[in-house]
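What follows is one structure encoded as structure tokens, with my remarks underneath.
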Amino acid sequence: MDTIFDDRHMNTINLSNDVDLDFIKQVVKESGENPSLCYQCGNCTAGCPYSHYFDYPVSQVMRLLQAGQKDTILNSKAIWLCATCETCTTRCPCDIDVAGIMDTLRIIARRENRVSEKDIKLFYDTFLNSMKQFGRIYEVGILLLYNLKSGHLLADAELGPKVMGHGKINFLPTKIKGADKVAQIFNRFQKKAKKHG
Amino acid sequence: MVETTYGYYAGCSLEGTAREYDQSLKAVLKTLEVDFREPDDWSCCGSTPAHTVDHVFAAALAARNLAIVEKTGLKTLITPCPSCMTAFKKAQHGMAKSDSFRQEVNELLDEPYECGVTAKSALQVIYEDVGIDAVAAKVTHTIPDLKVAPYYGCILNRPPEIAQFDDPENPVSMDKILAAAGVEVCDFAFKVECCGAAFGVPKRDMVNRLTYKVLTMAIDAGANCIAVACPLCQQNLDLRQEQVNSLTGSSFNIPVLYFSQIMGLAYGYSPEALAMDKVIVSADRFVRTRITVQQAREAKELQEQQAKAKGKSPKAAENKEETKSEEIE
Amino acid sequence: MPEIATQELRVVGFLCNWCSYGGADTAGVSRFKQPTDLRIIRVPCSGRVDPLFVVKALLNGADGVLVSGCHPRDCHYSDGNFYARRRLEMLKRLLPFLGIDERRFYYTWVSASEGARWQQTVTEFTNRIHELGPLHIKKEATP
Amino acid sequence: MRVGVFICHCGNNIAGTIDVARVAEETRKIPGVAYATTYMYTCSEPGQNEIKEAITREGLDRVVVAACSPRMHELTFRRTVEKAGLNRYFFEMANIREHISWIGENKDLNTLKATEAVRMAVAKVMQDKPLYSTSFKVNKRVLVIGGGVAGMQAALDCADGGLEVLLVEKSPSVGGMMARLDKTFPTIDCSICILGPKMVDVAQHDKITLHAYSEIEEIKGYVGNYQIKIRKKATYVDWSKCTGCGACMEKCPSKNSYDAFNFGVAPTRAINIPFPQAIPKKAKIDPNYCRQFVKGKCGVCAKICPTNAIDYEMKDEIITEDIGAIIVATGYSLIDMDKLPEYGGGRYPDVISGAQYERLLNASGPTSGHIVRPSDHMEPKTIAFISCAGSRDKSIGIPYCSNFCCMYIAKQAILTKDHIPDSQSYVFYMDIRSPGKGYDEFTRRAQEEYGAKYIRGRVSRIYPKGNKMVVRGSDTLLGAQVEVEADLVVLGTAVVSTPDAAHMAEKLHISYDTFGFYVESHPKLRPVETNTSGVFLAGACQGPKDIPASVGQGSAAASKVQALFSKDMLESDPAVARVNMNTCVGCLKCLKTCPFGAIKEKELRDGRVVADVIETVCAGCGVCTSTCPCGAIQLQHFTDNQLLAEVNAICRK
């Protein structure tokens with residue numbers, strides 16, 4: 001319940017000025033979903049395993065979207081705490097791909113450089129860098145790098161011995177022959193992204 | 001024996017933290033006479049992180065691998081890791097549905113992908129193509145007091161539009177496969193609850209609390225072992241079980257095995273062959289009690305004779321033992 | 001009004017009174033916007049539509065003809081729409097021999113409650129006719 | 001020929017998007033048009049007078065009204081021109097509202113389209129011939145299909161009005177859904193106590209013939225003269241002998257038959273009387289469970305029956321009846337709980353439907369009114385109700401509201417408190433829909449007096465935990481996920497049309513919507529009529545409806561039949577096929593194609609065989625006309641010339 005009363009008090013929303021219609025259009029375009037189909041039954045919030053950790057439960061993210069509250073949404077923790085488990089999408093009575101919309105919101109937030117959950121983004125980035133570098137995922141590397149950058153030096157440290165003991169992981173990364181090809185995908189995408197601003 | 005030859009995409013986890021999945025699954029597929037080839041020089045599917053960057057980009061990372069498989073002429077790709085499978089299926093779905101999307105994706109690739117490959121989970125291939133009967137036919141061994149809670153995790157069957165397999169709310173493929181392998185399966189209500197997935201690292205507490213719920217429900221269901229089909233589920237439930245204990249003051253000590261390992265045991269493979277040593281919470285106590293089907297039959301007959309003599313049902317006796325073994329947990 | 005007439009093509013629709021004409025009414029009541037090229041002729045039953053009407057319309061300046069009746073088995077007159085289907089199928093095969101692209105003729109089933117389906121039918125068919133452009137019989141002779 | 005054209009503004013409905021003045025101006029240029037004008041509301045009394053006056057003043061002999069759909073006002077205006085002395089078939093309507101002004105966005109294009117619609121109508125009206133209807137006798141017996149509260153009301157009202165009624169009910173007893181309810185909202189009066197007497201009246205009324213456990217096999221004919229076939233399904237009990245003593249039911253050894261009447265809450269016997277107040281109170285054997293049928297030997301009931309009524313050899317019987325009008329009151333069904341796998345209904349015994357709970361509450365139900373949960377027969381203390389279980393759920397193809405669930409859930413919450421004072425009810429809802437008289441006060445009482453906790457949010461999942469069912473939902477007003485550990489969960493399952501609704505509609509030639517509910521001929525002004533004259537609707541077969549609404553429709557349908565039967569003779573529609581004896585070559589293709597057998601051979605004096613139309617039987621579809629190779633048989637008012645005139649009016653090259 002602690003999530004209910006913290007930093008969630010919004011000022012009066014002036015519906016005639018403070019509604020960002022372009023933002024709604026953008027989300028509709030990029031996600032291919034129509035938020036106005038949502039009638040706020042709350043099924044997504046009810047099924048979401050992370051509701052307790054969200055600053056705004058999914059159904060309210062949908063509502064904020066309908067109300068064009070761009071800043072509140074893009075600055076929210078919720079969009080980053082969603083793990084795309086697809087429960088909301090599967091059970092939405094209005095057939096909205098809610099998880100898809102959350103995905104799109106993350107993408108937009110990332111593009112606009114406002115990410116409320118730095119650690120999660122950092123983890124993702126470390127993951128992607130490893131991928132760009134080797135073509136595959138180098139688990140040890142990711143963990144170490146992530147801990148270094150995030151400053152949680154000893155996070156999950158106690159797991160180290162377990163993992164090693166059971167010989168679960170490679171100590172050295174396997175670099176695939178086509179690693180450069182994968183890197184190419186990254187580069188081409190970044191070029192394209194720049195071109196379209 | 002299934003006619004077609006499959007592609008087999010291990011994925012990064014199965015090379016590392018989920019080797020036992022890779023090793024045991026290959027063994028089981030061998031027993032089931034499923035013929036498969038691994039595409040050479042495959043790369044990471046992109047998984048969740050790529051999806052936070054861009055839809056086209058994410059699809060491209062997945063499609064690169066599908067393109068490689070497509071070139072080899074294979075039509076179906078066994079994808080043991082649900083996260084990879086979803087990445088593939090989403091790419092496939094998006095590219096098949098919209099030409100413009102397919103173009104955008106192919107622009108990022110060296111080899112264009114023409115949507116000719118279907119990714120299937122190992123479960124789906126065994127359940128639909130191999131078939132339950134074939135699974136049962138190969139069983140040689142059994143573990144008398146093993147009670148498994150089949151845990152499918154979140155994205156294996158969801159969303160239905162993408163997964164195209166089994167029931168999104170109450171999947172049964174793993175239940176039936178394990179049952180066919182002669183294992184007692186519990187009715188597990190948390191089959192499809194999410195374990196926290198990739199958040200193990202950045203959001204450890206959150207994940208620990210979610211896994212706590214799953215583990216509790218498994219015990220409540222009367223299980224003494226959890227079967228999984230996903231490296232992340234396995235990691236969060238097994239590797240982090242001690243974290244959960246220290247966070248919640250619980251004392252879980254329940255093995256979390258890949259369904260393929262359990263099948264392997266039923267097919268008489270050695271623990272080494274199934275890399276049983278790689279799971280953190282040891283399942284030795286079960287491996288030790290493994291007997292052949294023949295022995296099991298004899299034991300049962302003996303028990304029934306005694307029961308007749310004593311005039312009490314063998315079932316009651318079993319039940320007592322169960323409750324004991326639970327208390328120990 | 002020639003200047004606007006030129007933007008439009010001539011689409012003629014034969015609608016059965018019980019299902020499709022009602023469906024078109026429902027679409028209207030629900031204010032489902034549609035292209036304005038269509039001219040509707042009401043017939044009691046799609047079974048009343050003589051292929052001759054369709055041909056006559058196309059020869060005399062229609063660019064497309066649409067026939068719509070009740071869904072199979074829902075015919076107000078039991079099975080009038082089955083007779084319609086048989087005849088109109090024949091007609092489809094006949095049109096190319098008259099030098100008319102058969103895509104200019106379409107028949108379908110729309111019930112009185114299917115306003116949305118009617119809107120979709122009209123929109124798609126009208127767009128198709130616009131893609132085909134005005135009908136010039138000689139040019140299209142492609143049996 | 002002098003055609004008068006009247007173009008309606010329909011307020012702004014037409015004039016808003018069509019330049020009506022311009023249409024009138026263009027119309028005046030059409031040869032044959034002697035007069036064209038516009039009017040604000042042509043269907044209004046002054047509007048109609050305007051037409052009558054113009055006919056005399058301008059000497060008009062044909063009239064066209066360009067306004068709304070002919071399905072709306074064609075009859076109105078036909079009467080108008082008739083009053084002014086013209087034949088009612090010298091009239092045509094151009095539909096410039098539904099087909100033009102309401103759907104086109106460009107005013108110029110709309111205006112052009114409207115002008116051409118008028119041109120077509122004018123072309124047609126100039127081809128019209130005067131037609132005169134003949135009259136035929138009405139069979140004043142009415143068939144009522146369905147013995148629920150709506151059907152019984154209709155039957156009783158017709159019978160009290162002196163009409164002979166055939167009531168056909170497919171289950172073994174009348175009463176329908178209402179007979180299975182415990183109490184009714186918002187008055188909490190006992191359902192069977194108010195319905196029972198009606199059921200008895202139905203049974204005892206000398207004007208009503210009840211065919212229970214029977215279905216409609218075939219319907220032929222037209223308004224005033226239907227021939228129907230009724231299938232009396234085999235009950236394997238001779239009802240003329242059965243006294244309803246119930247001895248057979250006590251002794252029947254197969255105790256696990258499915259009890260449809262109790263929605264399978266508890267099993268019943270293979271031979272049974274559905275419930276104590278059943279009408280008729282007769283026993284019936286379910287061959288799917290009866291040992292005599294399954295195993296081939298038993299015969300206990302035959303031995304026990306004091307009147308030797310049991311007859312294992314009984315076969316279905318088809319009877320034929322002649323009637324003049326039909327009232328359809330076939331009711332509704334509820335979705336199976338397995339359509340909602342996340343709720344586990346069907347898999348978990350303690351997740352039940354509202355209908356099943358109704359039987360648990362009911363004193364004459366399987367638990368004699370004691371609320372116990374199916375799994376362990378314990379009395380539940382925490383009960384969770386879930387409204388919109390399937391309703392307003394596009395993902396399973398049910399976008400509509402089921403109309404009465406909000407109310408019966410409130411009722412059940414109240415009754416639960418009455419039965420188990422120390423119980424606590426939770427109601428998950430999306431919106432409380434209580435628009436009826438005294439309804440909203442009722443839902444408030446459930447919360448204020450009976451302490452039911454209402455939670456605004458959908459439930460995502462239900463799963464067992466120990467001996468409880470965990471209901472995980474959300475409270476959207478709190479913006480939080482919430483959980484209730486309930487002993488029993490009741491789903492307000494969605495209302496759907498009956499499984500054979502479409503099939504029945506096809507027999508009746510009436511239309512039904514995408515969900516299988518029957519379509520009334522006007523949503524507001526003709527709510528119980530259908531587009532097939534002589535067939536009327538009552539109750540939930542037309543859409544989800546509560547008891548008052550169903551009863552109201554039952555009476556409404558009855559009054560419509562009374563009005564129809566108030567005349568001894570009916571006017572036939574003269575728009576029927578007619579044969580031109582001179583051009584008919586006697587190939588009789590028409591005879592083969594006519595769906596109604598309205599065409600017969602006729603030998604002329606000179607020995608030539610030609611086709612001949614039986615006017616009263618011809619329904620006017622025109623299939624024969626487009627079949628005839630030589631245009632000899634022509635559907636009046638829709639002749640080849642008349643339709644081609646319309647084509648030529650818009651296709652001119």
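Proteins get letters first, then strands, A, B, ... in listed order; numbering begins at 1 in each. The basis for the numbers below is simple: all heavy atoms, side chains too, and nothing from hydrogens, waters or symmetry mates.
Take C:His130 and apply the ring-ring contact (aromatic ring centres under 6.0 Å, His included) test, not counting sequence neighbours, and it matches no residue.
Atom CH2 of residue C:Trp18 and atom SG of residue D:Cys621 lie 11.5 Å apart, to the nearest 0.5 angstrom. Distance CE/D:Met120 to CD1/C:Ile41: 4.0 Å, rounded to 0.5 Å. Remark: C:Tyr21 OH to D:Asn95 CG distance equals 4.0 Å, nearest 0.5 Å. D:Leu508 CG to C:His76 NE2: the interatomic distance, rounded to the nearest 0.5 Å, is 11.5 Å. In this structure, D:Leu635 CG and C:Cys45 SG are separated by 10.0 Å, a value rounded to the nearest 0.5 Å. Here C:Leu38 contributes atom CG and D:Ile100 contributes atom CD1; the two are 9.5 Å apart, rounded to the nearest 0.5 Å.
Of the two parts of D:Val647, the backbone and the side chain both hold a non-hydrogen atom closer than 4.5 Å to a non-hydrogen atom of chain C. Interface residue D:Asp640: backbone and side-chain heavy atoms are both found under 4.5 Å from chain C. If you measure heavy-atom distances from C:Phe82 to chain D, you find no contacts under 4.5 Å at all. Residue D:Thr17: no heavy atom, backbone or side chain, is found under 4.5 Å from chain C. Both the backbone and the side chain of D:Ile650 come within less than 4.5 Å of a heavy atom of chain C. Using a 4.5 Å cut-off between heavy atoms, C:Tyr83 touches chain D through its side chain atoms alone. Contacts of C:Arg73 with chain D are made by both backbone and side-chain atoms, with heavy-atom separations under 4.5 Å. Contacts between D:Tyr512 and chain C at a heavy-atom distance below 4.5 Å involve backbone atoms as well as side-chain atoms. For a residue to count as touching a neighbouring chain, one of its non-hydrogen atoms must lie under 4.5 Å from one of that chain's; by this rule C:Asn17 touches chain D with backbone and side chain alike. Interface remark: C:Ala27 contributes backbone atoms only to the contact with chain D (heavy atom separation under 4.5 Å). Only the backbone of C:Cys75 comes within less than 4.5 Å of a heavy atom in chain D; its side chain stays farther off. Residue contact with chain C, scored on non-hydrogen atoms closer than 4.5 Å, involves the backbone and the side chain of D:Thr627 alike. Of the atoms belonging to D:Glu646, heavy atoms from both backbone and side chain fall under 4.5 Å from chain C. Contacts of D:Ala505 with chain C are absent, with no heavy-atom separation under 4.5 Å from either backbone or side chain.
A salt bridge between C:Arg31 and D:Glu98 is absent, with no side-chain N of the basic residue lying under 4.0 Å from a carboxylate O of the acidic one. Between C:Lys33 and D:Glu105 there is no salt bridge, since no side-chain N of the basic residue sits under 4.0 Å from a carboxylate O of the acidic one.
Minimum interatomic distance between D:Cys651 and C:Val12 (heavy atoms only, all atoms of both residues): SG-CG2, 3.8 Å. Taking every heavy atom of both residues into account, C:Lys56 and D:Leu644 meet most closely at CD-CD2, 3.9 Å. In this structure, C:Tyr77 and D:Phe596 approach most closely via the heavy-atom pair CA-CZ, 3.6 Å. Smallest separation of non-hydrogen atoms from C:Ala112 and D:Arg71: CB-NH2, 4.4 Å. In terms of heavy-atom proximity, C:Arg48 sits nearest to D:Thr639 at NH2-C, 3.3 Å.
Interface remark: of the candidates D:Ala121, D:Pro70, D:Pro595, D:Pro70 forms the most heavy-atom pairs closer than 4.5 Å to chain C. Comparing D:Gly620, D:Cys594, D:Ser101 by heavy-atom pairs within less than 4.5 Å of chain C, the highest count is held by D:Gly620. By number of non-hydrogen pairs under 4.5 angstrom with chain C, the leading residue of D:Thr514, D:Asp513, D:Thr593 is D:Thr593. Per-residue counts of heavy-atom pairs under 4.5 Å with chain C were compared for D:Ala619, D:Cys68, D:Ala575; the largest is that of D:Ala619.
With hydrogens and angles ignored, the 3.5 Å screen pairs a side-chain donor or acceptor of D:Ser626 with a backbone N or O of C:Gly47.
Chain D is approached within less than 4.5 Å, heavy atom to heavy atom, by C:Ser113 from residues 113-127 of chain C, ordered by number.
Residue-environment remark: NZ (D:Lys589) stays at or below the threshold of 12 foreign heavy atoms within 6.0 Å. More than 12 heavy atoms of other residues, nucleotides or ligands sit less than 6.0 Å from atom CZ of C:Arg128. Atom NE2 of D:His503 has 12 or fewer heavy atoms from other residues, nucleotides or ligands within 6.0 Å.
Side-chain contact between D:Arg119 and C:Arg39 is absent, with no heavy atoms from C-beta onward closer than 4.5 Å.
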With side-chain contact (heavy atoms from CB on, under 4.5 Å) as the criterion, how do C:Thr36 and D:Asn110 come out once you've worked through the C-alpha distance, each side chain's angles and the decisive distance to 0.1 Å? CA-CA 7 Å; C:Thr36 46; D:Asn110 288 349; 3.4 Å; yes
Worked check of side-chain contact (heavy atoms from CB on, under 4.5 Å) between D:Thr625 and C:Asp50: CA-CA 8 Å; D:Thr625 310; C:Asp50 188 326; over 6 Å; no
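A donor and an acceptor atom, one from each side chain of D:His99 and C:Asp25, are located under 3.5 Å apart.
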